[in-house]
Amino acid sequence: MFRAPFYIVIFFCFLVGFGGFGVDGLSAEEPGRDHRPNIVFLFSDDHAVNAISAYGGPLKDVAPTPNIDRIARQGGVFMNSFCANSICGPSRATILTGKHSHANGFMRNGNKFDPNQWTFAKQLQASGYSTAVIGKWHLSSNPVGFDYWEVLPGQGNYYNPVFLQMDGTKKKFDGYVTDITTEKAIQWLDARDTGKPFMLMCQHKAPHRTFSPALRHLGSFDDVTIPEPETLFDDYADRSKTLAGNEMEIDRHFDWAYDAKVRKDERGEVELPAPDRYGTPEYNRMSPSQRKEWDAYYGPLNKEFLSDYAAGKIKGKELVRWKYRRYMRNYLSTVKAVDENVGRVLDYLEENGLAENTVVIYSSDQGFYLGEHGWYDKRWMFEESFRMPFLIRWPGHISPGTKAVDLIQNIDYAPTFLEMAGLSAPDNLHGKSLVPLFSGNSDWRKSLYYAYYELGEHAVPQHFGVRTNRHKLIYFPMTEEWNLFDLETDPNEMKSLHADPGYHSKLEELKFELESLRTQFKAPAYPRPKSKS
Ligand code: SGN
Ligand code: CA
């Protein structure tokens, strides 16, 4: 829970009481000028909390996030922040609508977001905010509710990316996508209507697959020892049998050229084990001088690796460890650019006198596996991909250095933004405004609902669940299995307790809780196993 100093709470009550944050948003002192806070939503793709130092996880000493940590230091970090459905498009649709996937209609990647439905961006725009979204969008239909948008088509690219323009054309820009997204965001801030408050969503592609770093960051982690997760060699015993069928292991499903950056044309006679499915699309996009820098870094390292591999010096678990290190060096390097660019935006706000009245949030569409359970990717309701970073700075409203432990979810962002802007949320949203938590209100939810609907990418089955502060129950309808975890005694979620007689009443309690949430949210019926449908 947030603890705001008493004088700040009084000051805030004064503002609210006297209309400073009134629905019309007009200040009493300066008639005609809208003093509602600006909102800057800095967002990335697949950034696990374990790769943010402020979360204090096992990689806290190597995560390159001084600027993201700055938001935590000057504001707060929600330690128990989660997504509703751990996949890109659905998370974004939930953020815009404040609703679970089944209610906003965007249940899986590849769906088309219905632009006619209510979004917080539309309501802010209608109430007088200037609104913009720049960067990754991934919702198929064009953005609505934004005065300005410039977005990556689909997943977008790391090098020399193309951006979709508001007039329907596509334009290519030279450079690295994280830098370019930020430049565009700052250009928009510079050119905005200064008479209005603004809401800017600056949404990065990184650190999403193919985990391709800015060329200036190649090698940044070569001298760093990256701790190995305890579960890197998980055998998937004692949990749903669907785990063993996954296709997201660093060992068996990490592509040599695409993910590990060892191109076919570098290998000579050396045969690497599968997989090697997707080629080198990012390398192919580079200019000759960019490729030269890339080759100067990866070339000698790959040569050494291939010679050691051919000599039988790297095999079995050591090969997995080699791939894990390569993966993490690349992933953390892409995070380094995200963090630098977060710093550029924070600096811009400070240099332009905007820091005091701007709420800054850093978040990412879901978590990600950094080798935990042997995985990359996300999707599962296990902690690493269920968790979602949420750091927020709002001077005068959130005490610096706050660590909140309330269970929050991306359904909560839309109502939060509305309350910050002095607006009432429609009553059919699933989320709740976080604003009362900033001043210490502890009347908060005790459980979260999760639903994953994808149809097979990375071989993760549909599953549904509930999480409380201490326990998690997951239902796998395709195999009709329940998994129950006690997160206090088993934080790595290695053994389901659903069949343990000592947990029988907990199992029943959580099944009831899950059903209550499903009724409350009017969730659709579970899918049926093929044999029974
Ligand atoms: C792509 C990736 C997958 C990833 C999904 C979803 N493959 O399909 O590894 O899980 O996106 O990611 S890739 O070959 O295109 O890189 S999401 O962030 O868009 O949900
Ligand atoms: Ca994502």
Tell me which one of Phe254, Tyr376, Tyr369 satisfies ring pair (Phe, Tyr, Trp, His ring centres under 6.0 Å) with His458.
Tyr376
Which residue, Asp295, Thr280, Asn302, forms the side-chain hydrogen bond (donor to acceptor under 3.5 Å, both in side chains) with Arg263?
Asp295
Nearest-0.5 Å distance, CG of residue Leu391 to OH of residue Tyr362
8.5 Å
Can you classify the ring geometry of Tyr158 versus Tyr176 as parallel (below 30°), tilted (30 to 60°) or perpendicular (above 60°)?
parallel
Atom pair CZ/CD1 of Arg92 and Ile87 - distance to nearest 0.5 Å
10.5 Å
Answer yes or no: is there a donor N or O on one side and an acceptor on the other, between the side chain of Arg379 and the main chain of Val460, under 3.5 Å?
no
Is atom CD of Glu230 surrounded by more than 12 heavy atoms (other residues, nucleotides or ligands) closer than 6.0 Å?
no
Does one side chain, of Gln366 or Asp46, offer a donor that lies under 3.5 Å from an acceptor on the other?
yes
Tyr450 and Phe82: aromatic ring centres closer than 6.0 Å?
no
Look at the side chain of Ser53 and the backbone N and O of Lys60, then say whether any donor-acceptor pair between them is shorter than 3.5 Å.
yes
Name of the residue among Phe476, Phe386, Tyr453 meeting ring pair (Phe, Tyr, Trp, His ring centres under 6.0 Å) with His463:
Phe476
So CD1 of Ile392 and CD1 of Ile361: to nearest 0.5 Å the spacing works out to 4.0 Å
So, the side chain of Gln290 versus the backbone of Ser287: is there a donor-acceptor pair under 3.5 Å, distance only?
yes
Looking at Tyr452, does the NZ or CZ of Lys378 lie under 6.0 angstrom from its six-membered ring centre and within 45 degrees of the ring axis?
no
Can you check whether Lys241's main-chain N or O pairs, donor with acceptor, with Glu481's side chain at less than 3.5 Å?
yes
Ring center gap for Phe305 and Trp256 short of 6.0 angstrom:
yes
Counting only heavy atoms not in Phe233, do more than 12 sit closer than 6.0 Å to its CZ atom?
yes
Heavy-atom count around Glu508 CD within 6.0 Å, excluding the residue itself: above 12?
yes
Mind checking whether Tyr324 and Trp375 have ring centres under 6.0 Å apart?
no
